[in-house]
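Since the structure comes first, as structure tokens, the remarks are kept for the end.
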Amino acid sequence: MRAVCWHGKQDVRVDTVPDPEIVQKGDVIVKVALTCICGSDLHLYNGYVPTMKKGDILGHEFVGEIVAAGPAVTRFRVGDRVIVPFPISCGACWYCKHELWSLCDNSNPNSWMMEHIYGDTGGGIFGYSHLYGGYAGGQAEYVRVPFADVGLEKIPDGIPYEQVVLLTDIMPTGYQAAVYCNINPGDTVAVWGCGPVGLLAMKSAKLLGTERVIGIDRFPDRLQMAHNQCQAEVLNYEEVDVAEQLQNMTGGRGPDSCIDAVGLEARGTGIEDVYDLVKQTLRLETDRASALRQLVKACRKGGTLSITGVYSGFIDKFPMGAIFAKGLTVRGGQAHVHKYLPHLVQLVAEQQIDPSSIITHRMSLEDAPEGYRTFVKKQDSCIKIVLKPEHAAPKSEPASA
Ligand SMILES: [Zn+2]
Ligand SMILES: [Zn+2]
């Protein structure tokens, strides 16, 4: 089959690789109909996530049709159209039982790698380095999906793949970011980063009843999209002092909640930006914190920081004193997709949300390298790229077990 493989920093190629096979009794093989390039794939592309190996298949956002199922699979059958959540969850461990799906104890065979650095581990993720289990990803014609009965969600008849492909990650990720804000009517939520997750977090915050959302970015086309699609007020952090401006906009108090949809490749301004870039380049810090520092500074006393951008290690000059003095609540982490999926599918079916409205680029899987280049340079007003495998040569489907 054809698959998008990582070969090194800013080097991805579409290779011909062996088809996946059923390994465990609870596996299915999904024939991928649509798959996306995620902002967090760019951290792999740029070489910021360790433990990638040459030839690793990328991608954790994919939907498609089941073409083979292991003997223990009971909820699904060949021919079902399914949404596959990006975290892999066993459904049986303490964390899965407590709906902390992305923290599954059993789905990451390489958990020892993270335990060493973090003290404990997250679950496995498709196509996201050996740190997250070394699973082959979904930017491919076919994918092996373990624990199928636990993770998958059937796509209701009549809903096209494009409307639900973002439910694999960024829609639930944006939704959880808003849920973590404990929104009350009348609240103001500020969102750093008007990329795909930021936009969907703003839409979710509105859905959950916030009165105002304020989007922060430096790219005019992204700010425009936040304004048009999410009715957001917008700030360009290269033009204004964000914390000061947010205070002015909220009667001197600051936003009730602040969402970080940026993560470890954050850019700031002036000397602070240079400081982070240099330290990260020299490997003296792994993550750049300029967005996070602004969140802490801007948030109102007693407010919430909801961190959904990816961080991988250690950051410098983190204002712990301000978090303490202002009594801030900090929440974050990978989305517990399984928890939100049934509700979000229903919202799509009822046409209350249409996540596909943020898709800007549709390409063939074969053009993935060009897609990565366009996305990483934010060219052509690129927000979200969907790739379609061609399944060109008619071939026999992998046999059902
Ligand atoms: Zn993603
Ligand atoms: Zn589990």
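Keep in mind that what you see is a predicted model, and the values were worked out from it rather than measured. Each ligand, and each atom within it, is numbered from 1 in the order the structure gives.
No side-chain donor-acceptor contact under 3.5 Å links Thr308 to the backbone of Ala261.
Side-chain contact check for Gln139 and Asp41: at least one donor-acceptor pair (N or O, by modelled atom type) lies under 3.5 Å. No hydrogens or angles considered: nothing links the side chains of Asp354 and Gln163 as a donor-acceptor pair under 3.5 Å. A donor-acceptor pair shorter than 3.5 Å cannot be found between the side chains of Gln245 and Asp241.
In this structure, Ser357 and Lys203 have side chains that are in contact, with non-hydrogen atoms separated by less than 4.5 Å.
Using cut-offs of 30° and 60° for the angle between ring planes, the Tyr175 and His343 rings count as tilted.
Protein N/O/S atoms closer than 2.8 Å to the Zn ion (ligand 1), listed by chain and residue number, are Cys38 SG, His60 NE2, Glu61 OE2, Asp169 OD2. Under 2.8 Å from the Zn ion (ligand 2), one finds the following protein N/O/S atoms: Cys90 SG, Cys93 SG, Cys96 SG, Cys104 SG.
Cation-pi contact between Arg218 and Tyr237: absent, since separation from the ring centre below 6.0 Å together with deviation from the ring axis within 45° is not met. For the pair Arg81 and Tyr161, the distance from NZ or CZ to the six-membered ring centre is under 6.0 Å and the angle to the ring normal is within 45 degrees.
Ionic pairing of Asp56 and Lys54 is not present here: no N-O contact between side-chain nitrogen and carboxylate oxygen is shorter than 4.0 angstrom.
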